[in-house]
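These notes concern the structure reproduced below.
FYI, side chains are in, hydrogens and waters are out, and symmetry mates aren't considered; it's all heavy atoms of this structure.
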Amino acid sequence: MLMRRYSYHSKALVSVLCTVLLAVPLALMAACMSPALKSFGQYSEYAILPANSRDGADVKWATYLKTHFQKRATDRDCVIATPAQDDSQLQVTVDLDPGLPTDYQVGVADHTLTLSARNTETMLWLLYQFMSAAARADSRLAVSDLPPAVLSCQRDTAGTFAFEYRGIYSPSNTDVDQMPILGVHNVDFDWGLWGHNIGKVFGGNVPAQARALVDGHRSGSQWCFSSDELYRAYERYIIDNYGEGTVDAPTRFSVMPNDNGEVCLCPGCRAAGNTPTSATPAVTRMVERLSRRFPNHLFFTSAYATTQTPPTHRLPANAGVLVSAMALPLVADDGDKAVSARAAKAKDRFGQTIQMWQRSTDRVYVWDYMRNFDDYLTPYPCLHALQSRLRYYQQLGIRGVFFNGSGYDYASFDDVQTYVLAQLLLNPEADVDAGIHAYLGATYPVTGQLLEGYYTSLEAAAAGHVLPWYGGMADAVAAGVDPTVLNRFATQLEVASKKADVPERKKINELLTALAYPRLEALRQKAERPADATVAQLTSLLAAHTAFKDMANYREAQGDIDSYLSQWRLSYPWLGNSGRRPLLGLRCLEGGAGGQSVKVLGDGRQGFTTDYHTGWYITGAPQLCLLGQGFQRTSVQLSLSFLYAPVWHIYLPSEVSVWQDDTCCGRATVPVATDGRARVTLPATGLVPLKPIEIRIRQNDQAKGRVTLACDEIEVM
């Protein structure tokens, strides 16, 4: 049993105890239950005191706890600031101790509870853990705004968090008051500069010498990291906005090239060691220069694009790296041999990258992902998969993890996922299902059981499936989202929500509105046309998204919901065109995309310009060649449809043509698309009746980088 009060004269004993505790990955662990502590509701008063009345920090935090405890108490007199007189009162002692060998300790003895933390961030988390835990048994406390506690605060407990930085970029983690309560961070609030945003340091006036020299010209899309102008602007930005910093509260800054393949090859960057494909030397030198100038702040480069290769020497102690986990498949381990083999190879490569960077710095963070960035509204059961990743990260010795979610855009089940993920970032061994149960039961008193049953079934169905970072409804179905079950769940949830109070009903209405999107997408997967009433009902429901401030988009790029809804009017999938019929029997001769069937080009269903996953045939080949059946006539006109979406690297083809044997029977260029879709009429003459034809579609010769073609219906006019 830990001591009732963490004594500064008895650290040897505590050190022995904590050595045992720290041997566990994260010690949210309990010793034997103390018989001296009653249920919180059985105490008449809470006597809240500083561990050391002469320590200003202890006094500050004891006062903080007393003030916020009283605000939540229906009987304010039950919280006092004088020592407990007898065992009818619970004495709560607050101790901020930078020398604590663990992040926090909870000590229980003789009707006294001691809350100890190593820093202010952990102290905030611990105090709210206590308030939330106490309210479970004490009806005098109102904590409906607090998430369920992880600690019971009724037994001796000590722990060290798994990661020093725990970022979640999701709409459920944008309240600056709730972040410390969950024990997590958000890059928009706790980084001085995040991601590829160096341009902010100039305030719009970028000198030419700060720009990269690429092919003999100053680039408008990349930086020169040897530039004194860039360094001085960054220095001024830090001083003006964050000052010199302090050892116990540093601010983190990123020093990353823009997200492209350009590398500065000016004389200074060449002297640093830059090559046409690697900017690591010059970027590293800038990181080191800033790290030395601001020893109380933290500076991070990235293992990404032109900075994949780590430096060959050790970085300063306050410098680190962000490593992207995009190439690491998101999958929960379940023993599936094929999936496990692919995941194992990816893990090996990722682990090697981490180990290479750890030779240069101890502060390795992972930039990870927790969403399907093409679909925020379809349920994305990722918690068990994320737990597997966090366990792996802890084994690798990774110091921090940032999860890129949907930012400020609504995502289905984001609130429960954020709560459970926050627990996993503190302790990767936390019980996922128990966390789901605790949160949904507390937050949704009427509908929580229904929500829990559906969501946990999704998690179970997703086991062994790789969850997509950029996927459509077909990918979601493959990962276990059954459209029939989803429809049944939505119907049951709507009925149950009518018995809930206003706050719960509002949350459920928001979820039901969001779920109209995957229900509509499931209809688009079907060959048969659904009832018009069904489409009208679901589009009307999704159109109600305007009632919710964070539900304007359903995806990361080009994803406003209103544009999607307009496609149901403009490109109704089963609309058909009078006088046209699909060209049947198409086969792919070359340029095919693995696994795709060209039947999508003649199935009578149009794709949407807001989405390339459904209804479009996608290929990155220089030329797509299709074999089609012959015609009885010697001349025909074909109609082809293409998607134009540069944001997704999808471009219009340069030319389409019809051939028989080696004879070209017709060709056409593709007109400029005005609404994302380009239709082209392709005349074919001089055909030999009933002899097969070949349709050749050539990629855009002018587009640079990753080029993709998306083709829709091919019809005979």
Less than 6.0 Å separating the ring centroids of W616 and F642? no

pair P257-Q222: side-chain heavy atoms closer than 4.5 Å: yes

L265 backbone acceptor or donor facing N274 side chain under 3.5 Å: no

Please state whether the rings of W574 and W568 are parallel, tilted or perpendicular, taking 30° and 60° as the class boundaries. tilted

Relative to the ring of F489, is the ring of Y454 parallel (under 30°), tilted (30 to 60°) or perpendicular (over 60°)? parallel

CZ/R698 to CG/L709 distance, rounded to the nearest 0.5 angstrom? 12.0 Å

Looking at F608, does the NZ or CZ of R524 lie under 6.0 angstrom from its six-membered ring centre and within 45 degrees of the ring axis? yes

Plane angle bin for Y392 and F350 - parallel if under 30°, tilted between 30 and 60°, otherwise perpendicular: tilted

Beyond-backbone contact of T534 with L523, side-chain heavy atoms, under 4.5 angstrom: yes

Pair E521, Y564: side-chain N/O donor-acceptor within cut-off below 3.5 Å: yes

Taking atom types as modelled and ignoring hydrogens, do the side chains of S324 and Y369 form a donor-acceptor contact shorter than 3.5 angstrom? yes

For the side chain of E262 and the backbone of W223, is there at least one donor-acceptor N/O pair under 3.5 Å apart? no

Testing the 3.5 Å rule here: is there a donor-acceptor pair between the side chains of S170 and T418? yes

Does R270, at its CZ atom, have more than 12 non-hydrogen atoms belonging to other residues, nucleotides or ligands within less than 6.0 Å? no

Could you check whether any side-chain N or O of D375 sits under 3.5 Å from a backbone N or O of N372, counting only pairs where one atom can act as donor and the other as acceptor? no

Side chains of L640 and L638 in contact at under 4.5 Å (non-hydrogen atoms): yes

For A684, is there any backbone N or O sitting under 3.5 Å from a side-chain donor or acceptor partner on S635? no

So does G604 get a backbone contact from the side chain of E713, meaning a donor-acceptor N/O pair under 3.5 Å? yes

Please walk me through it: do S657 and W659 pass side-chain hydrogen bond (donor to acceptor under 3.5 Å, both in side chains)? CA-CA 7 Å; S657 55; W659 297 72; 2.8 Å; yes

For S641 and Q606, which I'm curious about, is there any donor-acceptor pair between the side chains at under 3.5 Å? no

Y554 and D374: side-chain hydrogen bond (donor to acceptor under 3.5 Å, both in side chains), yes or no, with the steps? CA-CA 7 Å; Y554 69 95; D374 274 345; over 6 Å; no

Would a distance-only check, ignoring hydrogens and angles, find a side-chain to backbone donor-acceptor pair under 3.5 Å from D550 to D409? no

Can you confirm whether more than 12 heavy atoms, excluding those of Q660, are under 6.0 Å from its CD atom? yes

Return yes if a side-chain donor-acceptor contact under 3.5 Å exists between N553 and D560, otherwise no. no

With a 4.5 Å limit on heavy-atom distance, are the side chains of L486 and L515 in contact? yes

Quiz question: by atom type and distance under 3.5 Å, do the side chains of S221 and S219 form a donor-acceptor pair? yes

Please tell me if the side chains of Y304 and M256 come closer than 4.5 Å, counting only heavy atoms from C-beta onward. no

Just how far is it from atom CG of L601 to atom CD of E715, taken to the nearest 0.5 Å? 11.0 Å

Between E459 and C382 (side chain of the first, backbone of the second, donor and acceptor by atom type, cut-off under 3.5 Å), is there such a pair? yes

CG/D215: more than 12 non-hydrogen atoms of other groups inside 6.0 Å: no

Keeping Q567 on the side-chain end and T609 on the backbone end, is there a donor-acceptor pair under 3.5 Å? yes

Within the 6.0 Å centroid threshold, strictly below: Y376 and Y410: no

Side chains of S302 and T307: donor-acceptor distance under 3.5 Å anywhere? yes

Between the side chains of H545 and D562, does any donor sit under 3.5 Å from an acceptor? yes

Heavy-atom donor-acceptor pair, R349 side chain to A344 backbone, under 3.5 Å: no

Does A463 offer a backbone N or O that forms a donor-acceptor pair with the side chain of H384 under 3.5 Å? no

Any side-chain heavy-atom pair of L330 and R389 under 4.5 Å: yes

Going by an N to O cut-off under 4.0 Å, is there a salt bridge joining R677 and D712? yes

Taking C-beta and beyond as the side chain, do R529 and Y572 meet within less than 4.5 Å on heavy atoms? yes

Could you check whether E655 pairs with R667 (Lys NZ or Arg NE/NH1/NH2 to Asp/Glu carboxylate O, under 4.0 Å)? yes

Does the pair Y380 and Q417 meet the rule for a side-chain hydrogen bond (donor to acceptor under 3.5 Å, both in side chains), with working shown? CA-CA 10 Å; Y380 192 70; Q417 290 179 331; over 6 Å; no

Identify whether NZ of Lys or CZ of Arg in R371 sits under 6.0 Å from the centre of the six-membered ring of W469 and within 45° of that ring's axis. no

Can you find a heavy atom in the side chain of F402 that is under 4.5 Å from one in the side chain of I168? no

